[in-house]
Amino acid sequence: MPERSSLWGGTFDITLEMEDQSIENGHRHYYDRSAYQSPLEDEVKQGWLLRPAMDMEMKRKKKKRCFNINPTVLIRTLVVVTVLAGFVALVAFLATHRHHHRPPPVQDNYTIALQRALMFFNAQRSGKLPANNNVSWRGDSCLDDGNGYLKGLEGGYYNGGDAVKYSFPASFAMTMLSWSVLEYSAKYETTGELNHVKDIIRWGTDYLLKTFNSSADTIDKIVLQVGKNSPENCWIRPESINYPRPVILCSTCPALAAEMAAALAAASIVFKDDHKYSKKLVHGADILFKFERGRRTFVWGGAWMYCATGNSSYIDLVTSPGLAKHAKAFWGGPDHGVLGWDNKHAGAQLLMSRLRMFLDFGYPYEEMLKNFHEQISEIICSYLPGSHNFKRTNGGLIELNHGKPKPLQYVTNAAFLATLYADYLEATLTPGWQCGAKFYPKDEFRDFAKTQIDYILGRNLRHMSYVVGFSDHFPQYVHHKGASIPGYIKHQSCQEGLRWKESKKPNPNTIVGAMVGGPDKHDGFQDNRSNYNFTEPTIAGNAGLVAALVALLDGSKTGIDKNTMFYAIPPFSMSRLPPPPVGKP
């Protein structure tokens, strides 16, 4: 892997263990025939001179000889010679082709699931689709979205099964995908999915840049939503939508602005080698963050802004005790430790802990960074089976949303955080962590993540994979209008499509890689197209699944990429010293 350098030069003095490679080299030995001389060369030359006389003598003797050849012996000899010749030819063929026709490596379940989970985003694309979208039953749709608003709002992703584009969960999905790329780009590359996931991110950020005036220096509104859930009596493919799709704007939504800023900031690091595009993303993130108008209650957005720009004003802001208190960053409550598109505290705390674990800030940041570190450590500990913070179903699924519908989106995010936390411990040569009275080796956190992802992939009481297209037993009646209506139906009315919603037959189109809402607290599941709590997938949920899967891959020994996320942060020459105690010189 090429060395990753910082924007300021250097590599933060951190190296990555390169993957061991086993390469067999064939060796051929060549001899210079012109330089080879026989010790009997003179005798040979003399033999050439005497050859005519010798030939006449041989002919005379042959006339006196008579040979009797046994046919059986001759046939056996020919068979043996033929077999030997065939064997030699086979050995030569294998020796010549062994480096060119090796069978592909066997893929593990996490790699297969990762590749399929990424395909779900292709099925959720809105607008003019690229030629390589590779979802046969999808086509161009909603090309007139946002006509009259800036340069239009074509593109982006439908959030779930009802063809509505929401800026908040879309931004969270892009942030999570970018975070996973920044940590595990080597693993993505090993699976052949690095370019794919980057295309997915860019499709999302291109759209987000359309939702506000990204070329201006200040803005007063951003797009919250495009389209709305159609009436109950309407069931139609996105490609057939002909009803008005409203654009909902907001002018007082600081949390959304901060989430969008986080998405653009994180993506700007992913695309840092495309300087023009990266700069465009940073500019958009900056004006979104300013749009909060002093109501900066979002540590998550500020942390990503600092990583993307290296501007110390952001680290000053997010380590301010007043901001953390106002943002309820250390607040308990039932959702403490539950990472979702509408609750980023756990993600922000791990991101801030990363700064502490890999960069030596010192005063005045250390105290707050330590608080973030302690908070996320408690959260990760709360996921383990020995903790009583969260219940588990009989099948072993952690109930992060306390038995409410659609649990899997929170489970995948927790699995990602736990695996990433374990990798941070590994990278800092920390063997484990003290959770209360018990010390847990770092592998315990990864094992938690594996049990949860394995549950989702089919190791549960129903033996069902909740990721469509993975294994032989998965949901057949996914709540998704596009997947439930045959692709050959190009245009139809709302009422005409209702028969597909009410059909007793499985969906005609398999929406590969879609993670559905998931089971209830009793491990029960209703494979029912009309019950979206069980069967609807979302891009926010799938983003967490993708992040967890790539984190759990064992195909690369490089671990996390420590440097790239910090490429814009200047090196610290020395930490500032704390002020002397009051009353002393």
Side-chain angles (χ1 to χ4, degrees), residues 1-5 11 14-25 98-122 132 134 174 176-202 266-267 269-274 354 412 415-427 442-443 445-447 449-450 453-454 456-457 467 469-471 512-513 515 542-567:
M1 178 186 295
E3 182 178 74
R4 300 180 186 274
S5 60
T11 64
I14 297 174
T15 60
L16 298 177
E17 181 186 354
M18 301 303 293
E19 179 181 7
D20 294 332
Q21 298 183 1
S22 176
I23 303 175
E24 299 177 5
N25 294 318
R98 64 178 179 173
H99 296 297
H100 305 285
H101 298 281
R102 289 179 179 175
V106 177
Q107 292 182 319
D108 60 74
N109 284 338
Y110 292 156
T111 299
I112 296 171
L114 170 67
Q115 293 168 340
R116 295 182 183 178
L118 287 169
M119 279 299 299
F120 170 70
F121 289 90
N122 293 40
N132 63 345
N134 295 329
M174 297 306 105
M176 289 291 287
L177 291 177
S178 292
W179 193 0
S180 71
V181 170
L182 295 176
E183 300 284 10
Y184 299 110
S185 61
K187 292 186 178 184
Y188 274 115
E189 195 162 15
T190 298
T191 63
E193 292 293 332
L194 181 58
N195 290 335
H196 186 194
V197 71
K198 290 174 74 172
D199 286 345
I200 290 170
I201 295 169
R202 186 156 186 162
I269 310 175
V270 172
F271 298 106
K272 65 183 180 62
D273 293 333
D274 185 342
R354 191 189 207 277
T412 55
F416 173 63
L417 294 181
T419 308
L420 195 53
Y421 183 84
D423 286 343
Y424 288 173
L425 294 179
E426 175 75 23
K442 58 182 179 295
D443 288 342
F445 305 112
R446 178 177 284 267
D447 288 344
K450 285 183 176 180
I453 296 300
D454 288 349
I456 294 172
L457 296 181
V467 177
F470 184 86
S471 84
V512 174
M515 184 183 74
N542 256 65
L545 174 65
V546 166
L549 286 168
V550 73
L552 286 171
L553 286 181
D554 293 326
S556 171
K557 296 182 180 179
T558 56
I560 60 166
D561 176 352
K562 303 175 191 175
N563 296 338
T564 300
M565 190 180 293
F566 298 147
Y567 94 106

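Residue indices begin at 1 and follow the sequence shown.
Remark: Asp454 engages Tyr110 in a side-chain hydrogen bond (donor to acceptor under 3.5 Å, both in side chains) (not counting sequence neighbours). Scanning for side-chain hydrogen bond (donor to acceptor under 3.5 Å, both in side chains) contacts around Lys198 gives an empty result, with sequence neighbours left out. For Phe470, there are no ring pair (Phe, Tyr, Trp, His ring centres under 6.0 Å) partners at least two apart in sequence or on another chain. Listed by chain and number, the residues in a salt bridge (Lys or Arg N to Asp or Glu O under 4.0 Å) with Asp447 amount to none (sequence neighbours excluded). In terms of the ring pair (Phe, Tyr, Trp, His ring centres under 6.0 Å) criterion, residue partners of Phe445 (sequence neighbours excluded) are, by chain and number, Tyr421. Partners of Asp199 according to the salt bridge (Lys or Arg N to Asp or Glu O under 4.0 Å) rule, which considers only residues two or more places apart in sequence or in another chain, do not exist here. A search for side-chain hydrogen bond (donor to acceptor under 3.5 Å, both in side chains) contacts involving Asn122 returns His196, not counting sequence neighbours. Remark: Ala543 pairs with Phe121, Ala173, Met176, Leu177 by the side-chain contact (heavy atoms from CB on, under 4.5 Å) rule, at least two apart or across chains. Under the salt bridge (Lys or Arg N to Asp or Glu O under 4.0 Å) criterion, Asp274 pairs with Arg202, sequence neighbours left out. Remark: Ala415 pairs with Ala449, Ile453, Ala548 by the side-chain contact (heavy atoms from CB on, under 4.5 Å) rule, at least two apart or across chains. Residues meeting the side-chain hydrogen bond (donor to acceptor under 3.5 Å, both in side chains) test with Ser180, sequence neighbours left out: Tyr188. Partners of Lys442 by salt bridge (Lys or Arg N to Asp or Glu O under 4.0 Å), not counting sequence neighbours, listed by chain and number: Glu426.
Minimum heavy-atom separation, Thr564 to Lys272: CG2-CE, 3.7 Å. Arg354 and Asp561 make their closest contact through NH2-O, 2.9 Å (heavy atoms, listed as atom of the first residue, atom of the second, distance). Residues Leu182 and Met565 approach most closely at CB-CE, 4.1 Å, considering heavy atoms. Residues Asn542 and Ala117 come closest through the heavy atom pair ND2-O, 3.1 Å. In terms of heavy atoms, Met515 sits closest to Thr412 at SD-CG2, 3.6 Å.
Taken from CH2 in Trp179 to CD1 in Ile201, the straight-line distance is 14.0 Å, to the nearest 0.5 Å. Note that CG of Asp554 is 11.5 Å distant from OG1 of Thr190, once rounded to the nearest 0.5 Å. The line from CZ of Arg446 to CG of Asp423 is 4.5 Å long, rounded to the nearest 0.5 Å. Separation of atoms CG (Leu194) and NZ (Lys187) is listed at 14.0 Å; rounding is to 0.5 Å.
Here the rule is side-chain contact (heavy atoms from CB on, under 4.5 Å) with Leu118, and of Leu549, Val197, Leu545, Thr191 only Val197 fits it.
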Test side chain to side chain contact (heavy atoms under 4.5 Å, CB included) on Tyr184 and Ile560; report intermediate values, then the result. CA-CA 6 Å; Tyr184 299 110; Ile560 60 166; 3.7 Å; yes
Could you go through Val181 and Ile269, starting from their C-alpha distance and side-chain angles, then the distance that decides it, and tell me whether this counts as side chain to side chain contact (heavy atoms under 4.5 Å, CB included)? CA-CA 10 Å; Val181 170; Ile269 310 175; over 6 Å; no
